[in-house]
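Below, chain A is the first sequence line, B the second, and so on; all start at residue 1. Computation of the quantities below employed the complete heavy-atom set of this structure, encompassing side-chain atoms and omitting hydrogens, waters and symmetry-equivalent molecules.
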Number of protein chains: 2
Amino acid sequence: MSEDRTAEIVLSLEIDDAALADRLAALLGNVAGLRLAAPGEHAAATIIARDPRISPADIALTQRELDVLALMAEGASNKMIARQLGISVHTVKFHVGSLLDKLDATGRTDAVAHAARRGVIEL
Amino acid sequence: MSEDRTAEIVLSLEIDDAALADRLAALLGNVAGLRLAAPGEHAAATIIARDPRISPADIALTQRELDVLALMAEGASNKMIARQLGISVHTVKFHVGSLLDKLDATGRTDAVAHAARRGVIEL
DNA sequence: CCTGGTCCTGGCCACCCGGCCAGTTTCGCA
DNA sequence: TGCGAAACTGGCCGGGTGGCCAGGACCAGG
């Protein structure tokens with residue numbers, strides 16, 4: 001294998017908070033067996049800390065809306081969703097309409113993108 | 001400020017490679033000033049290492065297809081994309097068709113989801 | 001020179017989507 | 001015991017979507 005288990009583990013940092021980044025860099029710089037990545041260098045793992053103020057509001061979606069949303073993210077049509085959930089196409093469209101409303105989206109593609117951005121669903 | 005610069009930094013791990021996770025946990029466990037998060041505990045930062053085998057192949061998309069894809073991810077309709085790029089709706093549909101083909105998607109929503117999963121676009 | 005790839009355009013058509021109207025049941029909460 | 005929220009269903013319809021056919025222009029490489 002190309003993996004050398006004696007090699008240093010290379011870590012890259014993606015941290016919004018500069019103070020936190022400095023503290024982490026200082027701490028990790030003294031640990032034997034791992035190393036911070038040089039700019040552009042491929043890292044085995046990345047340490048991420050995003051500004052939490054960006055995504056505080058998780059939208060209030062009902063269970064059924066979450067079901068529909070998940071299938072939408074899989075690219076399923078209203079008809080397929082209806083079959084999958086054992087409900088009529090009209091009901092699916094009803095839930096999709098609610099989702100477009102709550103997610104402030106103009107269409108199902110936009111809805112999935114918004115939901116993914118806000119962490120409501122995982123792609 | 002609410003930040004206590006003497007407190008430990010809490011890190012959580014999201015690593016697909018179990019061996020790598022073990023090595024990192026062992027290394028970081030002995031570092032004074034930081035600590036690994038308990039399950040469910042809020043962490044100041046997250047160490048992420050996704051299985052690279054999942055997204056090795058960045059699909060070969062033409063520049064125009066990337067343009068169309070980006071606008072699709074914004075929820076734009078074919079008509080809006082056409083206006084935005086200064087081309088006809090037919091041409092947009094042509095590129096969308098190519099995208100559906102290359103991304104192995106059944107529809108525009110699926111295409112955006114696949115593209116996001118493979119890192120072709122950023123939501 | 002000719003082939004292949006990309007980009008562009010047109011028409012046609014079945015189907016899907018989203019918004020509108022209307023109604024039902026079930027449930028928990030005041 | 002009402003009352004609203006959630007879930008579900010129906011019909012209707014304009015516009016959007018995706019698949020198919022066809023074509024032309026441009027440019028790099030064989």
[atom1]/[X] to [atom2]/[Y] distance, rounded to the nearest 0.5 angstrom?
X         : Y        : atom1 : atom2 : value
Met72(B)  : Leu99(B) : CE    : CG    : 4.5 Å
Ile121(A) : Leu66(A) : CD1   : CG    : 9.5 Å
Leu36(B)  : Ile9(B)  : CG    : CD1   : 12.0 Å
Leu69(A)  : His95(A) : CG    : NE2   : 12.5 Å
Gln63(A)  : Asp67(A) : CD    : CG    : 5.0 Å

Quick one, [X] and [Y] - any side-chain contact, counting heavy atoms below 4.5 Å?
X        : Y        : value
Leu34(A) : Val10(A) : no
Ile87(B) : Arg64(B) : yes
Leu28(A) : Leu28(B) : yes

Expressed in angstrom and rounded to an integer, what is the separation of [X] atom [atom1] from [N] atom [atom2]?
X         : N       : atom1 : atom2 : value
Leu100(A) : dG16(D) : CG    : C1'   : 14 Å
Asn78(A)  : dC17(C) : CG    : P     : 4 Å
Met72(B)  : dC17(C) : CE    : C1'   : 17 Å
His90(B)  : dG18(D) : NE2   : P     : 14 Å
Arg108(B) : dC17(C) : CZ    : P     : 12 Å
Gln63(A)  : dG28(C) : CD    : C1'   : 17 Å
Lys93(B)  : dA22(D) : NZ    : P     : 17 Å
Leu99(A)  : dA7(D)  : CG    : C1'   : 13 Å

Contact nearer the 5' end of DNA chain D, comparing Val89(A) with Val96(B): Val89(A)
Within less than 4.0 Å of OP1 or OP2 of [N], is there a side-chain N or O belonging to [X]?
X        : N      : answer
Arg64(A) : dC8(D) : yes
Thr62(B) : dC7(C) : yes
His95(B) : dC8(C) : yes

Salt-bridge present (Arg35(A), Glu41(A); N to O < 4.0 Å): yes
Stretch residues 79-86 of chain A: residues that reach within less than 4.0 Å of DNA chain D through a heavy atom: none
Base-paired stems in DNA chain C, each at least three Watson-Crick or G-U pairs under 3.5 Å: C:4-30 with D:1-27
I want to verify a distance call: between [options], whose nearest atom is closest to the [X] side chain?
X        : options                  : result
Phe94(B) : dC16(C), dC7(C), dC12(D) : dC7(C)
Ser88(B) : dC12(D), dT9(C), dG19(D) : dT9(C)
Thr91(A) : dA6(D), dC8(C), dT9(D)   : dT9(D)

Pairs where residues 94-114 of chain B contributes a residue and the test salt bridge (Lys or Arg N to Asp or Glu O under 4.0 Å) is met, not counting sequence neighbours: Glu65(B)-Lys102(B)
